[in-house]
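Letters A, B, ... mirror the listed sequences (proteins, then strands); counts begin at 1. Here the structure is a predicted model, which means the values were calculated and not measured.
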Protein chains: 2
Amino acid sequence: MKLTSKGRYAVMALADMAQFNNVSPVSLRDISLRQGISLVFLEQIFSKLKKNEIVKSIRGTQGGYVLNGSPSQIKLTKILNAVNEEVKTLQCKKEIKKGCNGKLTKCITHNLWYELEVHINDFFEKKSLQDLIKKNTEQRI
Amino acid sequence: MKLTSKGRYAVMALADMAQFNNVSPVSLRDISLRQGISLVFLEQIFSKLKKNEIVKSIRGTQGGYVLNGSPSQIKLTKILNAVNEEVKTLQCKKEIKKGCNGKLTKCITHNLWYELEVHINDFFEKKSLQDLIKKNTEQRI
DNA sequence: GTATACTTGACTGATTTTGTCGGGTATATA
DNA sequence: TATATACCCGACAAAATCAGTCAAGTATAC
């Protein structure tokens, strides 16, 4: 499965944006400074976020990014899928040649990984950006 | 997080053993042939499984491995932890220097990854080898 | 027109994964 | 007791992936 820094940074950055949810756009430079993430790396990540219509961009001075929708509508699955391609545990396509093609034992674990995938996606589907920042402020009190 | 071929192979191999659950030990050679996994790689994996007391080894001709306990007692968490060291999503130890130390925004996502870890471990904790082979035979019918 | 900030693609160093190689040692069986 | 079988162990290496940089843009506010 795939759950890398790119995904974590994407969530962090968007949560940051949601937290500082001004009307005006947020520049990657600000996020970079606040969250300690490389600016150029953020650019890469936000390029994908934009393609997936999670954020909108505004160019030029005073430009930046704004969330495309309210924090409560943006589910984490969408974010993670955007930057990581997908959350995939199944790898049986490759292995169908060897062992997975039901000769004696079919890929016994096939279903397991599928279930896990569903389980994880469920988890992220239930979480929105709003949940994250709510939790964070609650804890700070 | 970590969920690699090693883990998948370990589960496959042990499920294979559980399925062909004879009294006599199962040789890695057989598993290798049945499941299409490299023998030498299996040796590496089983070395760890043995260290973690998931299997017992019997050396010599007619030797092999036997499950250390009944399939229903062997939970998948144990297997995956054995071969992969651990299932870890949290990476905040590294990041505590930058951004994660509650200056303005503390590591917003800290709790999220922790919850995910728990969620995944729950999943694997509830599954035993028995569940896998039961499911498999059910489906074959 | 200039500084700001987004846009894009190629590239690279480091790390991890997925194994292999080559040597062992123990033991059942003939 | 010889021998084949099977476990045991550490070093090594190719391939893939990750995390991030570099370079060269384009659009826009002021």
Side-chain angles (χ1 to χ4, degrees), chain A residues 1-10 12-13 17 24-33 35-68 80 83-89 91 94-95 98-99, chain B residues 1-10 12-13 17 24-33 35-68 80 83-89 91 94-95 98-99:
Chain A
M1 100 157 262
K2 233 167 158 184
L3 201 59
T4 68
S5 285
K6 238 170 205 160
R8 276 185 293 118
Y9 286 168
M12 281 174 72
M17 283 180 70
S24 48
V26 182
S27 74
L28 294 189
R29 197 172 153 277
D30 286 353
I31 298 178
S32 167
L33 290 174
Q35 301 293 335
I37 305 169
S38 147
L39 172 63
V40 194
F41 201 24
L42 276 178
E43 286 177 346
Q44 225 180 82
I45 293 168
F46 271 74
S47 156
K48 294 187 179 187
L49 293 177
K50 193 198 168 186
K51 266 186 202 126
N52 285 267
E53 299 179 335
I54 293 165
V55 293
K56 277 182 289 196
S57 69
I58 293 148
R59 302 179 78 159
T61 317
Q62 311 291 354
Y65 287 95
V66 289
L67 293 176
N68 194 9
L80 294 172
V83 296
N84 274 341
E85 272 81 67
E86 65 218 303
V87 175
K88 259 225 149 16
T89 51
Q91 222 170 349
K94 270 194 222 161
E95 289 170 37
K98 42 172 187 175
Chain B
M1 101 157 260
K2 234 165 157 184
L3 202 58
T4 68
S5 284
K6 236 170 204 161
R8 275 185 294 120
Y9 287 167
M12 282 173 73
M17 284 180 69
S24 48
V26 181
S27 73
L28 293 190
R29 197 173 153 278
D30 286 353
I31 298 178
S32 167
L33 290 174
Q35 301 294 335
I37 304 171
S38 147
L39 173 62
V40 194
F41 200 23
L42 275 178
E43 286 179 345
Q44 229 180 77
I45 292 168
F46 271 74
S47 157
K48 294 187 179 189
L49 292 177
K50 193 197 168 187
K51 265 186 204 128
N52 285 267
E53 299 181 333
I54 293 165
V55 294
K56 278 182 288 197
S57 69
I58 293 147
R59 301 178 77 155
T61 316
Q62 312 290 356
Y65 288 95
V66 288
L67 293 177
N68 193 9
L80 294 172
V83 296
N84 273 340
E85 270 81 68
E86 66 218 302
V87 175
K88 259 223 149 21
T89 52
Q91 223 170 348
K94 270 194 224 161
E95 289 170 38
K98 41 172 188 173

Notebook entry, point to check: In residues 53-64 of chain A, which residues come under 4.0 Å of DNA chain D by heavy atom?
Noted result: A:R59, A:G60, A:T61
Notebook entry, point to check: Taking A:V55 as the fixed residue, which of A:N68, A:V66, A:L67, A:V26 is the one that meets the side chain to side chain contact (heavy atoms under 4.5 Å, CB included) rule?
Noted result: A:L67
Next item on the list: Figure out the CD/P separation between A:E43 and D:dA23, and round it to whole Å.
Entry: 14 Å
Item checked: Distance in angstrom units between A:L42 CG and C:dC6 P, rounded -> 10 Å
Notebook entry, point to check: For B:D30 and D:dT5, what is the distance between atoms CG and C1' respectively, to the nearest whole Å?
Noted result: 12 Å
Item checked: Donor-acceptor pair between B:R29 and B:S32 side chains, under 3.5 angstrom -> no
Next item on the list: Determine: side-chain N/O of B:T4 to OP1/OP2 of C:dT17, distance under 4.0 Å, yes or no.
Entry: no
Notebook entry, point to check: Given D:dT5, is OP1 or OP2 found less than 4.0 Å from the side-chain N or O atoms of B:S27?
Noted result: no
Check: Does a nitrogen or oxygen in the side chain of A:K6 sit under 4.0 Å from OP1 or OP2 of D:dA19?
Finding: no
Checklist line | Sugar-phosphate, base or nothing in reach of B:Y65, heavy atoms under 4.0 Å | finding: sugar-phosphate
Notebook entry, point to check: Quick one: are A:Y65 and A:P25 in side-chain contact, heavy atoms under 4.5 Å?
Noted result: no
Next item on the list: Just say parallel, tilted or perpendicular for the rings of A:F41 and A:Y9, cut-offs at 30° and 60°.
Entry: perpendicular
Check: Between A:L49 (CG) and C:dT7 (P), how many Å, whole number?
Finding: 11 Å
Margin query: In whole Å, I'd like the distance from the CD1 atom of B:I45 to the P atom of D:dC7.
Written below: 14 Å
Item checked: Interatomic distance where CZ belongs to A:F41 and P belongs to C:dC6 [whole Å] -> 17 Å
Next item on the list: Starting from the C-alpha separation in whole Å, work towards a yes-or-no answer on side-chain contact (heavy atoms from CB on, under 4.5 Å) for A:L39 and A:E43.
Entry: CA-CA 6 Å; A:L39 172 63; A:E43 286 177 346; 4.3 Å; yes
Next item on the list: List the atom of B:S27, the atom of B:G63, and the distance in Å for their closest heavy-atom pair.
Entry: CB-O, 4.2 Å
Check: Does A:S38 make a side-chain N or O approach to OP1 or OP2 of D:dT21 shorter than 4.0 Å?
Finding: yes
Notebook entry, point to check: For B:S47, which contact category applies under a 4.0 Å heavy-atom criterion: base, sugar-phosphate, or nothing?
Noted result: nothing
Notebook entry, point to check: Can you tell me how far P of D:dA19 sits from CG of A:L39, to the nearest Å?
Noted result: 18 Å
Next item on the list: Please name the pair of heavy atoms, one in A:I45 and one in A:V83, separated by the smallest distance, quoted to 0.1 Å.
Entry: CG2-CG1, 3.7 Å
Next item on the list: Take the protein atom CE of B:M17 and the nucleotide atom P of D:dC7, then report the distance between them rounded to whole Å.
Entry: 10 Å
